[in-house]
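Here's the structure we're looking at; comments come further down.
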2 protein chains.
Amino acid sequence: MRTIRYHGIADELRLRVSSGVYAAGRLLPSESVMSVEFSVSRVTIRKALEILRDEGLVKARQGFGWFVAGKPVQQPLGRLATIEDQMRDSGMQPERRILEFVFEKAPRDVATILGTQQVLRVTRLNTADNEPFALVTVWCSADLGQHLSRADVERSPFYELLEVPLSGASQTIGADAARAPEAELLNIPIGSPVLRCERITSGTSGQVVLVSRHVFPAHRTEFVVELPFAEPSIAPSGLRLVD
Amino acid sequence: MRTIRYHGIADELRLRVSSGVYAAGRLLPSESVMSVEFSVSRVTIRKALEILRDEGLVKARQGFGWFVAGKPVQQPLGRLATIEDQMRDSGMQPERRILEFVFEKAPRDVATILGTQQVLRVTRLNTADNEPFALVTVWCSADLGQHLSRADVERSPFYELLEVPLSGASQTIGADAARAPEAELLNIPIGSPVLRCERITSGTSGQVVLVSRHVFPAHRTEFVVELPFAEPSIAPSGLRLVD
DNA sequence: ATGTATACAACTATAATACAAGTGTGGTTA
DNA sequence: TAACCACACTTGTATTATAGTTGTATACAT
């Protein structure tokens, strides 16, 4: 299977940036240096860097260099309140009802993400004032889950029960039509639109810890995302920290 | 009865694609390579591949290669960029068709957000590989829009045309059922799920510059949010309840 | 009708190269 | 001391060349 060169290079550079090999605010090696390191032309290196620029990971200044963009991009996203907080603020009573708590063989896609076949699956229904508003399925590896009991997940949020420190997550948001079982549980007509969200939560060492799927009735929920734009961020002048 | 060669080859390739031997979004071996592998001519390989293309399993781009289709376009959030670049990276050919370009009185909600009654409204249809992909309506104040022509917005993304520096945006994502007019334009059945987004883009001095509404067919799009650090919750961040 | 062989056009990614424009540094000059 | 300038180095941009890819057509064999 052929791969496009600069995609692979972008992957490698993304790894270095996110893993801290290239620290925040510091200059990256120049395009020429990198082109020698990867044994490709400067054009190809640029292509890879431009991908990372589009992702907001790095920035460039003509005549100066490429440097790792700071954290400000990530700040506004993290500041958004979670749904439970908002519900409590508006005086609602959030509750969760555990529907299933089983150790089983994971669906293939989940298995490949988690890297394990045997998993613990917990399916729960979140309600607010006795109105269902979210159907959640969480998978984690059977190893991790074997310390948990059904009573545990009924009492506390999942994240508090795991002894693994969590570091980050990737969240995918899409729309879909409600299928029969979930429609019944959520008390909505079959085929009515729902928000479908898949979240992959990773540990500090980068391994995938949790996979969770959420289904929300569309008419009751929406996502809000704050998007920061290219701020005038100028790296301190005269600062060249290439080791 | 003679067995037709390329039917068998198509079966084999279909198997590889659906079983994940050829991962989604990645390139297949070139026609020449495959013709050697199957010991047939390039023409025969093409016939097999064209069968799979008709089935929507793979796509081709001249001078680039064949790649596995089916993966919905993922829009990374957390950066303010056009999705068209993203689509080009995944090997698609994005185009936009301007449906309407009118100066008019804004709907009340848009007028209150923009702070103006007289606005320029541009409605366009984004396509990828001649498949409708997004229905977008953009409003900006008539003052700002009067420098623009229909040809301008046909050629370049809206952001590049405005002389006002942009600072950030707030985006609301929800699901909905497709209504009649948009369903027809997007070539989907009425009532099928769509992603509905409202984006409010602001300038550096905080004033609202653009209001835009986007409608995406659900099966073709999803949004991705990268969260650097896990929120203290399994629930997706940014989700809010609709009043 | 089906498959092979061949040729060529159009397109893509990459390489190699050149030059413009911006930045920091250090030396020179007034 | 302060202003200036030359220089090395950077990114930004454009051009040309090339190998490899799909798109398409034609001739021919089975």
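First the proteins, then the strands, lettered A, B, ... as listed; each starts at 1.
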Do the side chain of B:R42 and the base of D:dG23 come within less than 3.5 angstrom through a donor-acceptor pair of N or O atoms? yes
Does CZ in B:R150 sit with more than 12 non-hydrogen atoms of other residues, nucleotides or ligands closer than 6.0 Å? yes
Among C:dT4, D:dT11, D:dT22, which nucleotide has an atom closest to any side-chain atom of A:Q62? D:dT11
Which of parallel (below 30°), tilted (30 to 60°) and perpendicular (above 60°) describes B:H214 and B:F216? parallel
Looking at every heavy atom in both A:W66 and A:R46, which two are closest together, and how far apart are they? CZ2-NH1, 4.3 Å
Check the surroundings of atom CD in A:E12: do more than 12 heavy atoms from other residues, nucleotides or ligands lie under 6.0 Å from it? yes
Closest to the 5' end of DNA chain C, once B:S41 and A:V43 are matched to their nearest nucleotides, is B:S41
In residues 31-38 of chain A, which residues come under 4.0 Å of DNA chain D by heavy atom? A:E31
So, for B:A178 and B:V194, which heavy atoms are closest and what is the spacing to 0.1 Å? CB-CG1, 3.7 Å
Check whether the side chains of B:S41 and B:T44 place a donor and an acceptor atom closer than 3.5 Å, and report yes or no. yes
Would one find a side-chain N or O of A:S30 under 4.0 angstrom from OP1 or OP2 of D:dT10? yes
In whole angstrom, give the distance that lies between atom NZ of A:K59 and atom C1' of D:dT10. 19 Å
Between residues 45-55 of chain B and DNA chain D, which residues have a heavy-atom gap below 4.0 Å? B:R46, B:R53
Starting at CZ of A:R42, measure out to CE of A:M34 and round the result to the nearest 0.5 Å. 12.5 Å
Calculate the interatomic distance between B:Y6 atom OH and C:dT4 atom C1'; express it in whole Å. 14 Å
Rounded to whole Å, the CZ-P distance (A:F64 to D:dG12) equals 12 Å
B:T123 vs B:R121, test: side-chain hydrogen bond (donor to acceptor under 3.5 Å, both in side chains). Steps then yes/no. CA-CA 7 Å; B:T123 303; B:R121 172 172 63 85; 2.9 Å; yes
It should be established whether B:W66 places a side-chain nitrogen or oxygen under 4.0 Å from OP1 or OP2 of nucleotide D:dT22. yes
To the nearest 0.5 Å, tell me how far A:F38 CZ sits from A:R5 CZ. 8.5 Å
Between the first and last five pairs of the helix from C:dA1-D:dT30 to C:dA30-D:dT1, the angle of the axes, rounded to 10 degrees: 10°
Using heavy-atom distances to pick each residue's nearest nucleotide on DNA chain C, tell me which of B:V40 and B:G63 is more 5'. B:V40
Going by an N to O cut-off under 4.0 Å, is there a salt bridge joining B:E182 and B:R213? no
Taking all heavy atoms of A:V208 and all of A:V211, pick out the closest pair and write down the distance. CG1-CG2, 4.2 Å
